[in-house]
Amino acid sequence: MDKIAIISDVHGNMPALETVLEDIRRRGIDLIYNLGDLVGKGPNSDLAIDRCREVCQVIVRGNWDDTIATAELNPAGRWYHAQIGLERIMYLASLPNAYDFWLSGKRVRLYHASEESVFKRIHPSHPYEDLRRMFGNTPFTGLDGRPPDIVGYGDIHSAYMLSLSRDQKVLFNAGSVGNPLDRPLATYVILSGELDSQEPGLFSIDFVRLPYDIEQAIEEARRLNTPDVEAYAVELRTAVYRGRQKAT
């Protein structure tokens, strides 16, 4: 079977990203699909963009990517803007909304946050109707083609998988590589199956959680005077959201 690593929400955390990439390499996985939010929060947005461009075959745009690339920025946003530079900003602005492919007879769709936009946030506790709408074809995802059987997304930094049994759909969240808010472990997903095959077959969705050098990431953030560094440090150590200044 083919294997695809699904990573999300790196947020400029290079120790976490390199730990995940080493685990992916060790498992012999060659395909890496990225659900966005390469930038913001952590100290090394520039390096995260460069590394993800190097190793990922697919990258979709996240809400931080969109904001840093297109919005009028406050001081925190301008800090990241200056670090990233114009060429990377243009790259973030060019990223697609979503990516569809076939896996063992299942149509899979990947995007950052929801079927509507990079800013509409969906949690597994939302009503069934909201979760079901995640599988719709919309102007954001594209109106053509068969709606997906499996949807994977990021954004909420909390990994889960949910079977919508009455509709025979599967929804999963890949968690976060660089800023997890469920457990203080770098998290990603492995999809296994026959890539590009429309014939029904075996497939699996597996979650991987990895310890990494959290203190190294915090020290780098302090060294660079990253915005909201103390809130960032608490989040990395505890996986509890502390709030921070947004880029806009």
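Any value given below was found using the heavy atoms of this structure, including those in side chains, with hydrogens, waters and symmetry copies removed.
Checked by atom type, the side-chain pair Y128/D167 shows a donor-acceptor distance below 3.5 Å. Checked by atom type, the side-chain pair Q168/D149 shows no donor-acceptor distance below 3.5 Å. In the model, D9 has a side-chain atom that pairs as donor or acceptor with a side-chain atom of H157 under 3.5 Å. If you check the side chains of N44 and R51, you find no donor sitting under 3.5 Å from an acceptor.
Between E230 and R222, at least one side-chain nitrogen of the basic residue sits less than 4.0 Å from a carboxylate oxygen of the acidic one, meeting the salt-bridge criterion.
In terms of the ring-ring contact (aromatic ring centres under 6.0 Å, His included) criterion, F172 has no residue partners (sequence neighbours excluded). A search for salt bridge (charged side-chain N to carboxylate O under 4.0 Å, His left out) contacts involving E219 returns nothing, not counting sequence neighbours. Under the side-chain contact (heavy atoms from CB on, under 4.5 Å) criterion, P15 pairs with N13, Y212, Q216, A217, not counting sequence neighbours. For Y91, the ring-ring contact (aromatic ring centres under 6.0 Å, His included) test picks out no residue, with sequence neighbours left out. For E220, the salt bridge (charged side-chain N to carboxylate O under 4.0 Å, His left out) test picks out R223, with sequence neighbours left out. Residues meeting the salt bridge (charged side-chain N to carboxylate O under 4.0 Å, His left out) test with R237, sequence neighbours left out: E215.
Figure legend: R209 and Y188 shown without cation-pi pairing, the cationic atom not lying both under 6.0 angstrom from the six-membered ring centre and within 45 degrees of its axis.
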